[in-house]
Amino acid sequence: VQLQASGGGLVQAGGSLRLSCAASGRTFSGRRMGWFRQTPGKEREFVAAITWSSSNTYYADSVKGRFTMSRDNAKNTVYLQMNSLKPEDTAVYYCASSASYGYSDYSKYDYWGQGTLVTVSS
């Protein structure tokens, strides 16, 4: 397994979760990392991305101010801290890595984790 996402679960609206994604070296080193999410019948949606040096992070408007993405390069791990969760945040969350530009374009990511389910109850 090259990318392993974890940390999903069931939480009430207004609560918090932290997702983690552990990566192997070649899928992580020097690469941009991203989080996407998907619900049944919908396209995969960009959530957040971070550059290798953590100098830049990017967020979808729908999560800006509530979610924070970070990475620990020593541990080959990225995180997504999700606060003030809403029922519309319910989805399977995927981590991915990219060596290309285009942080919000899922076609630019070539390694994907298996996904972790986040369910937010109202």
Side-chain angles (χ1 to χ4, degrees):
V1 176
Q2 295 172 321
L3 292 173
Q4 181 76 41
S6 62
L10 174 64
V11 64
Q12 288 189 332
S16 299
L17 281 175
R18 188 174 85 150
L19 306 183
S20 299
C21 177
S24 64
R26 69 187 184 100
T27 66
F28 190 86
S29 181
R31 287 174 154 257
R32 175 179 294 111
M33 300 296 294
W35 285 99
F36 290 77
R37 65 188 182 186
Q38 190 169 23
T39 55
K42 293 189 176 181
E43 286 195 355
R44 201 160 288 192
E45 175 190 22
F46 168 73
V47 176
I50 190 168
T51 54
W52 163 249
S53 65
S54 300
S55 59
N56 289 296
T57 52
Y58 309 92
Y59 298 95
D61 288 343
S62 58
V63 307
K64 206 170 290 183
R66 300 187 298 121
F67 291 11
T68 302
M69 186 174 183
S70 60
R71 68 191 294 164
D72 184 336
N73 289 345
K75 295 182 179 179
N76 283 5
T77 302
V78 293
Y79 306 96
L80 186 68
Q81 178 66 43
M82 305 187 295
N83 299 328
S84 302
L85 282 161
K86 304 175 181 180
E88 52 263 44
D89 294 319
T90 295
V92 176
Y93 284 71
Y94 298 89
C95 61
S97 77
S98 171
S100 303
Y101 292 103
Y103 61 85
S104 64
D105 182 352
Y106 67 79
S107 70
K108 302 297 185 183
Y109 291 76
D110 50 359
Y111 291 103
W112 290 85
Q114 84 290 0
T116 186
L117 177 62
V118 172
T119 303
V120 184
S121 64
S122 57

Measure the [atom1]-[atom2] distance between [X] and [Y] for me, rounded to the nearest 0.5 Å.
X	Y	atom1	atom2	result
Thr68	Tyr79	OG1	OH	14.5 Å
Ile50	Thr57	CD1	OG1	6.0 Å
Cys95	Leu80	SG	CG	10.0 Å
Tyr103	Tyr109	OH	OH	9.0 Å
Asn73	Lys75	CG	NZ	12.0 Å
Thr27	Met33	OG1	CE	6.0 Å

Which heavy atom in [X] sits nearest to a heavy atom in [Y], and how many Å separate them?
X	Y	result
Ser24	Asn76	C-ND2, 3.8 Å
Ser20	Thr77	CB-CG2, 4.4 Å
Tyr59	Ala48	CD2-CB, 3.7 Å
Thr39	Thr90	CG2-O, 3.0 Å
Trp52	Gly30	CE3-N, 3.1 Å

For this session: Could you walk me through whether Val11 and Thr119 pass the side-chain contact (heavy atoms from CB on, under 4.5 Å) test, one step at a time?
Result: CA-CA 6 Å; Val11 64; Thr119 303; over 6 Å; no

Do the side chains of [X] and [Y] join up, straight or via other hydrophobic residues, at under 4.5 Å, putting them in one cluster?
X	Y	value
Val63	Val120	yes
Tyr106	Tyr93	no
Tyr94	Phe67	no
Leu85	Leu10	no

For this session: Any salt bridge (Lys or Arg N to Asp or Glu O under 4.0 Å) involving residues 83-97? Give me the pairs, sequence neighbours left out, ordered by first then second residue.
Result: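 Sorted result for residues 83-97: Arg37-Asp89, Arg66-Asp89.
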
Judged by modelled atom types alone, do [X] and [Y] share a side-chain donor-acceptor pair under 3.5 Å?
X	Y	value
Gln38	Arg44	yes
Ser16	Asn83	yes
Arg26	Tyr111	yes

Problem set entry | Working for side-chain contact (heavy atoms from CB on, under 4.5 Å), residues Trp35 and Met69 | CA-CA 9 Å; Trp35 285 99; Met69 186 174 183; 3.4 Å; yes

For this session: Starting from the C-alpha separation in whole Å, work towards a yes-or-no answer on ring-ring contact (aromatic ring centres under 6.0 Å, His included) for Phe36 and Phe46.
Result: CA-CA 5 Å; Phe36 290 77; Phe46 168 73; 5.7 Å; yes

For this session: Given side-chain contact (heavy atoms from CB on, under 4.5 Å), test Tyr58 with Thr51 step by step and report yes or no.
Result: CA-CA 9 Å; Tyr58 309 92; Thr51 54; 4.2 Å; yes

Problem set entry | Short N-O contact, Asp110 and Arg31, less than 4.0 angstrom |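 Result for this pair is yes, salt bridge flagged.
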
For this session: Report, as yes or no, whether the 6.0 Å neighbourhood of atom NZ on Lys64 holds more than 12 heavy atoms from other residues, nucleotides or ligands.
Result: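 Enclosed: over 12 neighbouring heavy atoms sit under 6.0 Å from NZ of Lys64.
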
For this session: Examine distances only and state if a side-chain atom of Gln114 and a backbone atom of Gln4 form a donor-acceptor pair shorter than 3.5 Å.
Result: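 Checking the backbone N and O of Gln4 against the side chain of Gln114, no donor-acceptor pair under 3.5 Å is found.
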
Exercise. Taking the side chain from Ser122 and the backbone from Pro87, do they hold a donor-acceptor pair closer than 3.5 Å?
Worked result: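 Judged by distance alone, no pair lies under 3.5 Å.
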
Exercise. Any side-chain heavy atom of Gln2 sitting closer than 4.5 Å to one from Ser97?
Worked result: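 Not touching, per the 4.5 Å side-chain cut-off.
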
Exercise. Going through the distances and angles, do Thr116 and Leu19 end up as a side-chain contact (heavy atoms from CB on, under 4.5 Å)?
Worked result: CA-CA 8 Å; Thr116 186; Leu19 306 183; 4.0 Å; yes

